Amino acid sequence: MICVDQIVLREIRLALKEPFKISSGAVTERRIMLLELRDATGAACWSECVAGESPNYSSETIDTAWLAIEAYVAPRVLGVAFDAPGDVHAALERDFRGHQMAKAALEMGIWGVAATQAGLPLAKFIGGVRKKIPVGISLGIQASPGALADKATAAIAEGYRKVKIKIEPGRDIEFVRAARLALPNAELMADANNAYTLDDAATLAQLDDLDLMMIEQPLAHDDIVRHAELQRRLKTAICLDESITSLERAQDMVTLGAGRIINIKPGRVGGFASSLAIHDYCEQKRVPVWCGGMLESGIGRAYNVALASLSNFTLPGDLSPSRRYWEQDIVSPEWRMSADGMMDVPLARAGLGVDIDLQLIEDITVRRAVLRPQA
Ligand code: OSB
Ligand code: MG
């Protein structure tokens, strides 16, 4: 049984080493919401909300998520006894639409608390089978094809097992081609973050000659049907990211042939129970999945790494090591990648498997709230 009796919300500021630009916007400094959950038995765990500063990825932002957690998510959890963490998702979905990232932040924290309570590493607790995970890098939109080719070449030299290239109209075919010419054998893919419409099908079909593993979310953020039409016109596999917000949307993708691969981000689908359900469904349908990233701190990374240890996470995830994003991460040890592009799943201790740098977090906290059960 698990019963959360206190949640501390924090907003921290963490500057990225370099700006990250996608088709719908750029970010230079992350505003990150952290949660510290305490169970009535004293077990505690941290979690992270992946909502960004502006609503360019999904409709959520850190500010909407803060409000949603304070006003709607936390009251459904605080002082409520759950038999198992797998029960929390349904309780948060009942008569409560949307706000997946807000819900996920708390739901995942409860999985973390439960793993800690059970004395198991989070990966083991959720049924993970991998000891290490293949790592890919997501490269933001660069100034020129040559600059992109240099970054991609450096990433492969560092050991990354996949390079994802952000594209947008006007910065697509020539950019990806430059990377392909520089790296004839590398695993490359493109991510458009909704920058195209079906009218661009002929442009996107030019990517078919560049031997990509997949093209991620070319069309609208909530579209399935048009992706199915586009997939019929492309040889390259479509991978959906933004459109998959639940198990049902994953089923729709498979049923309609709207894509052949899913990028699972637990924050986007409402947490771990939903991620596990999508994972299991995809495994049964022989649809490979991989773990996406939202420029998480080391706390969010712990959850993603645990999730990516499940059996059907067969493709490299967007799970770059701490050093790629931050001068100093808020956990220790920091997340590292080996020279052959693998990240160890922490299996030696219960819970997240990393220590939280509370002093650093205190120093960069700009807002804080303590939530307790209503009297
Ligand atoms: O579409 O996968 C995406 C970051 C912010 C918003 C959307 C996306 C991304 C990434 C970053 O690609 C991947 C990472 O965390 O390294
Ligand atoms: Mg994406």
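Please read these numbers as outputs of a predicted model, since none were measured by experiment. Counting starts at 1 for both ligands and their atoms, in listed order.
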Open item on the list: With heavy-atom distances below 4.0 Å as the criterion, list the atoms of ligand 1 near Asp318.
Closed with: 12 (O), 13 (C)
Task: Modelled atom types, side-chain donor and acceptor of Asp280 and Gln284, under 3.5 Å - done: no
- [ ] Could you find the nearest protein heavy atom to atom 9 (C) of ligand 1 and give me its residue, atom name and distance?
- [x] Gly293 O, 3.6 Å
- [ ] Check whether more than 12 heavy atoms from other residues, nucleotides or ligands sit under 6.0 Å from atom CZ of Arg13, and answer yes or no.
- [x] yes
Open item on the list: Starting from Met189, can I reach Val289 by hopping between I/L/V/M/F/W/Y residues whose side chains sit under 4.5 Å apart?
Closed with: no
TODO: Report, in ascending order of atom number, the atoms of ligand 1 lying under 4.0 Å from any heavy atom of Glu216.
DONE: 2 (O)
- [ ] Measure from the Mg ion (ligand 2) to every N/O/S atom of Asp191 and report the name of the nearest one.
- [x] OD2
TODO: Kindly work out whether a path of hydrophobic side-chain contacts (I/L/V/M/F/W/Y, heavy atoms less than 4.5 Å apart) joins Ile215 to Met253.
DONE: yes
Task: Distance-only N or O hit between ligand 1 and Glu242, under 3.5 Å - done: no
TODO: Over 60° means perpendicular and under 30° means parallel, so classify the ring planes of Phe125 and Trp111, tilted if in between.
DONE: perpendicular
Open item on the list: Heavy-atom distances under 4.0 Å decide this one: backbone, side chain, both or neither, for Ser320 against ligand 1?
Closed with: neither
Open item on the list: Both conditions, 6.0 Å and 45 degrees, for the charged tip of Lys162 above the ring of Trp290: are they met here?
Closed with: yes
Open item on the list: Over 60° means perpendicular and under 30° means parallel, so tell me whether Tyr303 and Phe272 are parallel, tilted or perpendicular.
Closed with: perpendicular
- [ ] Report yes if some N/O of Ile22 lies less than 3.5 Å from some N/O of ligand 1; otherwise report no.
- [x] no
Task: Side-chain H-bond candidate by donor/acceptor type, Tyr196 with Ser23, under 3.5 Å - done: no
Open item on the list: Distance alone, cut at 3.5 Å: any donor-acceptor contact between the side chains of Gln100 and Arg268?
Closed with: no
TODO: Just jot down the ligand 1 atoms closer than 4.0 angstrom to any heavy atom of Tyr325, in number order.
DONE: 14 (C), 15 (O), 16 (O)
Task: Lys265 to ligand 1, any heavy atom closer than 4.0 Å - done: yes
Open item on the list: Within 2.8 Å of the Mg ion (ligand 2), is there any N, O or S atom belonging to Glu242?
Closed with: no
- [ ] Would you mind listing which atoms of ligand 1 come within a distance below 4.0 Å of any non-hydrogen atom of Asp241?
- [x] 1 (O), 2 (O), 3 (C)
Task: For Phe20, the ligand 1 atoms whose distance to one of its heavy atoms is below 4.0 Å - done: 4 (C), 9 (C), 10 (C), 11 (C), 12 (O)
Open item on the list: Between the Mg ion (ligand 2) and Asp241, which N, O or S atom of the residue is the nearest one?
Closed with: OD2
- [ ] Just let me know how Asp191 lines up against ligand 1, side chain, backbone, both or neither, with a heavy-atom cut-off below 4.0 Å.
- [x] side chain
Open item on the list: Considering non-hydrogen atoms of the protein only, which is the closest contact for atom 12 (O) of ligand 1, and what is the distance?
Closed with: Ser138 OG, 2.9 Å
Open item on the list: Starting from atom 6 (C) of ligand 1, what is the nearest protein heavy atom, named by residue and atom, and what distance separates them?
Closed with: Met294 SD, 3.7 Å
Task: Side-chain donor-acceptor pair present, Thr41, Gln117, cut-off under 3.5 Å - done: yes
Open item on the list: Side chain, backbone, both or neither: which applies to Asn193 and ligand 1 if a contact is any heavy-atom pair less than 4.0 Å apart?
Closed with: side chain
Open item on the list: Looking at Tyr325, I'd like to know if the NZ or CZ of Lys17 sits under 6.0 Å from its six-membered ring centre while staying within 45 degrees of the ring's axis.
Closed with: no
Open item on the list: Give me the nearest non-hydrogen protein atom to atom 15 (O) of ligand 1 as residue plus atom name, then the distance to 0.1 Å.
Closed with: Leu295 N, 2.9 Å
Task: Side-chain donor-acceptor pair present, Glu216, Asn263, cut-off under 3.5 Å - done: yes
Open item on the list: With carbon and hydrogen excluded and only N/O/S kept, which atom of Glu216 is nearest the Mg ion (ligand 2)?
Closed with: OE2
